[in-house]
There are 2 protein chains.
Amino acid sequence: MKYKSRQRDIILEQLKMVDCHPTADEVYIMVKRKLPKIGIATVYRNLEQLSKGGCIFKLDGDIKRYDGNIMRHFHYRCPQCERVFDLDIGKLESIYDDLSNESHKQGLEVKVEFVRICENCIENKGK
Amino acid sequence: MKYKSRQRDIILEQLKMVDCHPTADEVYIMVKRKLPKIGIATVYRNLEQLSKGGCIFKLDGDIKRYDGNIMRHFHYRCPQCERVFDLDIGKLESIYDDLSNESHKQGLEVKVEFVRICENCIENKGK
DNA sequence: TTCATAACTGGTAATGATTATCACTTTCAT
DNA sequence: ATGAAAGTGATAATCATTACCAGTTATGAA
């Protein structure tokens, strides 16, 4: 990320505009509207760089997803559609902070992810 | 898992014998010593079934790993070699239990994974 | 036991996300 | 203004996982 690039700027801008957590392919489709000639490899390259640089988060899973919101917040993943959603954990938050602080003292980083069937998948159950 | 199969029995047995967290391919190699004719598809099929049946754990990541130990315990993943190791979290444990209990009350399942460079990768740094 | 059938197997082809490669273009410090 | 380092886009390659299929095995009912 030594030089600046229009492609990278637009990828970051688009990712910050949405509140979902798109896959690389979904980012590619979003960015193509502004930069029709961009290649998928450029998208992967820049998503990787942006996440290594701390500008975005990479969410591991079967398919990787990316999050343009780097404020501390929480996610849940739907085990059916494999999508990731933001989550307000309310009073869980202070417990999480304890876990996080205590982990750091022990030289560990913590990764917490919640799992819950999403509303969409609950609705589509009858189908 | 309605019928029993020798292949599945041996996969489970081998997985319970080791304290590492092998990939499907590593399980394949292990099991091949006892069942030289087994196919890789059979290994994947049975690992999936065993994990859905709650006999083993599947650990998500770039490459999936499997754990034959279903007693409650904790893992850390090395971000360099991507291997997974067991971890004694000591006093973190009670905090984790709080988080877990409170999550369940809110209809969420929690997944916690720790991250730390493993000893092997620290040693090999100079190389 | 015999039989029907549902589950399981092994080999292999297909899939699909991600990475590597390469010739070309852009950026930027000097 | 120029040359080295970084970035790009097209496409081929990789590789973990899944799908498919013809043949085998397990199981329960007759």
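First the proteins, then the strands, lettered A, B, ... as listed; each starts at 1.
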Check: Does B/D67 come within less than 4.0 Å of B/K58, counting only side-chain N to carboxylate O?
Finding: no

Next item on the list: Assign A/Q49 to base, sugar-phosphate, or nothing according to its heavy-atom contacts below 4.0 angstrom with the strands shown.
Entry: sugar-phosphate

Notebook entry, point to check: Are the ring centres of A/Y44 and A/Y28 closer than 6.0 Å?
Noted result: no

Check: Per the atom types in the model, does the base of C/dG10 pair as donor or acceptor with the side chain of B/R45 at under 3.5 Å?
Finding: yes

Check: In terms of side-chain geometry, is the basic nitrogen of B/E102 or A/K91 positioned less than 4.0 Å from the acidic oxygen of its partner?
Finding: yes

Check: Taking 4.0 angstrom as the limit, do B/R77 and B/E82 come out as a salt bridge?
Finding: yes

Margin query: Within the 4.0 Å heavy-atom criterion, would you say B/S5 contacts the bases, only the backbone, or no part of the nucleic acid?
Written below: sugar-phosphate

Check: Between B/Q7 and C/dG10, does any side-chain N or O lie under 4.0 Å from OP1 or OP2?
Finding: yes

Next item on the list: Rounded off to whole Å, could you give me the OH-to-C1' distance for the A/Y3 and C/dT26 pair?
Entry: 9 Å

Next item on the list: Return the value, rounded to whole Å, for the distance between atom CD1 of B/I40 and atom P of D/dT17.
Entry: 9 Å

Check: Relative to the 5' end of DNA chain D, which residue comes earlier, A/V43 or B/D25, by the nucleotide with the nearest heavy atom?
Finding: A/V43

Item checked: Pairwise 5' ranking along DNA chain D for B/R6 and B/Y44, keeping only the more 5' one -> B/Y44

Notebook entry, point to check: Which part of the nucleic acid, if any, lies within reach of A/D62 when heavy atoms closer than 4.0 Å are counted: base, sugar-phosphate only, or nothing?
Noted result: nothing

Check: Tell me: CD of A/E48 to P of C/dT19, nearest whole Å?
Finding: 6 Å

Notebook entry, point to check: Within the pair B/K2 and C/dA7, is there a side-chain N or O less than 4.0 Å away from OP1 or OP2?
Noted result: yes

Notebook entry, point to check: What integer distance in Å separates B/L35:CG from C/dG11:P?
Noted result: 12 Å

Checklist line | Distance in angstrom units between A/I63 CD1 and D/dT17 C1', rounded | finding: 12 Å

Next item on the list: Rounded to the nearest angstrom, tell me the gap between atom CE in B/M1 and atom C1' in C/dT9.
Entry: 17 Å

Margin query: Using a strict threshold of under 4.0 Å (side-chain N to carboxylate O), is an ion pair present between B/E26 and B/R65?
Written below: yes

Margin query: Between P on D/dA16 and OH on B/Y28, what's the gap in Å once rounded to a whole number?
Written below: 13 Å

Margin query: Closest approach to the side chain of B/I38, judged atom by atom: which nucleotide of D/dG7, C/dT9, C/dG10 is it?
Written below: C/dG10

Notebook entry, point to check: In whole angstroms, how far is the C1' atom of D/dT25 from the NZ atom of B/K4?
Noted result: 10 Å

